[in-house]
Amino acid sequence: MENQITVEKATTKKPKPEADQLEFGRSFTDHMFILDYDVEQGWHNPRIVPYQPIILDPAAIVFHYGQTVFEGLKAYITNGGETQLFRPQKNMQRLNRSNERMCIPSIDEELALEAIKELVRIDREWIPTAPGTSLYIRPFVISTEPYLGVAPSKKYQFIVILSPVGAYYKEGINPVKIAVETEFARTVKGGTGEAKTAGNYASSLKAQELVAKEGYAQVLWLDGLEKKYIEEVGSMNVFFKINGEVVTPELNGSILEGVTRNSVIRLLDHWGIPHSERKISMDEIYQAYQNGELEEAFGAGTAAVISPIGELAWKGEKLEINQGETGPISKKIYDTLTGIQYGTEDDPFGWTVTVS
Ligand code: COI
């Protein structure tokens, strides 16, 4: 495969949003990356072009059967003016795990990372610098073959777009209210929950829409079969601190293996804070709450980093956690992760990658 990335620069530049107007995922930079796939040539023609709409046949498989995967990572400007990424190799590895699950041909991880770096270099001036802001990177693959039979596509595009972002939740690091979902399921074991694929997110919308009407930011997902064991919160992994120990659901085939999840576990290890990955039932959480042992709860994901949970609604009861305030462990993890990401804290793990 010809790996040389060609570049066509945009002739006009778009206005950039003001720092205080930044929302999550509403504005996009001047360029994008595209890589094509067909059976004869494999992945080919890596190119950076001006940001533009893509033209697809209305019969493209992605529209009908959702054969698609995506990733999410961020670029930051450090105090010293350097551009850096956070553990991007992990996203590229997961991209290929998602590809494998969705019958999409594997992508050269080094090429994908080089493409991201080159794109971020070209659109560097779009990286916002105000606290809490960053450049969100959205790599994704779509199946483009026009065909209405249910079968893996023979054509794909891998595309990367960039979006300057502010906080994912309007609450930022302030605690959100979460409703435990007892009716709908996001996925089940054996389904596609481990893959970062559109269908998991589409299936989450109804539950989110319903709880939003009651003032909840998101739902807490339970396992799809028994509705007993905790899986994720909204589009994030979830952690609880119970009687001094931090616990998170073990990976079970339906939970997404988050990069932030892994980073939180590594930090807890590093600090010597007791922690475990295991099955956690909602009954256990309720019991811990009643015993006064439910000390903290938080979501962990790339978009929001750490999102403390101030209240959990379950079976008509409201479980207030840490008086609805951000707990010390949640805050310490948030400060450390963002410190490493923005280059204000040491990075003993070698997590950051400089875009020179
Ligand atoms: C993340 O937090 O990394 C996510 O996947 C959220 C994204 C779906 C907006």
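Atoms within each ligand, like the ligands themselves, are counted from 1 in listed order. In this chain, residues are counted from 1 in sequence order.
R101 and T197 share no donor-acceptor pair across their side chains, judged by distance under 3.5 Å alone. Side-chain contact of N252 with S254: a donor-acceptor pair under 3.5 Å is present, judged by distance alone.
With ligand atoms numbered from 1 in the order given, ligand 1 contributes 2 (O) to contacts under 4.0 Å with heavy atoms of G301.
Proximity annotation for atom 5 (O) of ligand 1: of R261, M236, K196, K196 comes nearest, heavy atoms only. Heavy-atom proximity to atom 1 (C) of ligand 1, evaluated over G25, A304, A303, G299, is greatest for A303. Distances from atom 7 (C) of ligand 1 to the heavy atoms of R138, E71, K74 show the closest one on R138.
Atom 8 (C) of ligand 1 has as its closest protein heavy atom Y201 CE2, 3.7 Å.
Note on ligand 1: S235 sits in its first shell, one or more heavy atoms being nearer than 4.0 Å.
Under the 4.5 Å side-chain contact rule for hydrophobic residues, V188 and L256 do not share a cluster.
Shown are Y201, F140, Y136; of these, the ring-ring contact (aromatic ring centres under 6.0 Å, His included) with F70 is made only by Y201.
No cation-pi contact links K206 to F184, judged by a cut-off of 6.0 Å to the six-membered ring centre and 45° from its axis.
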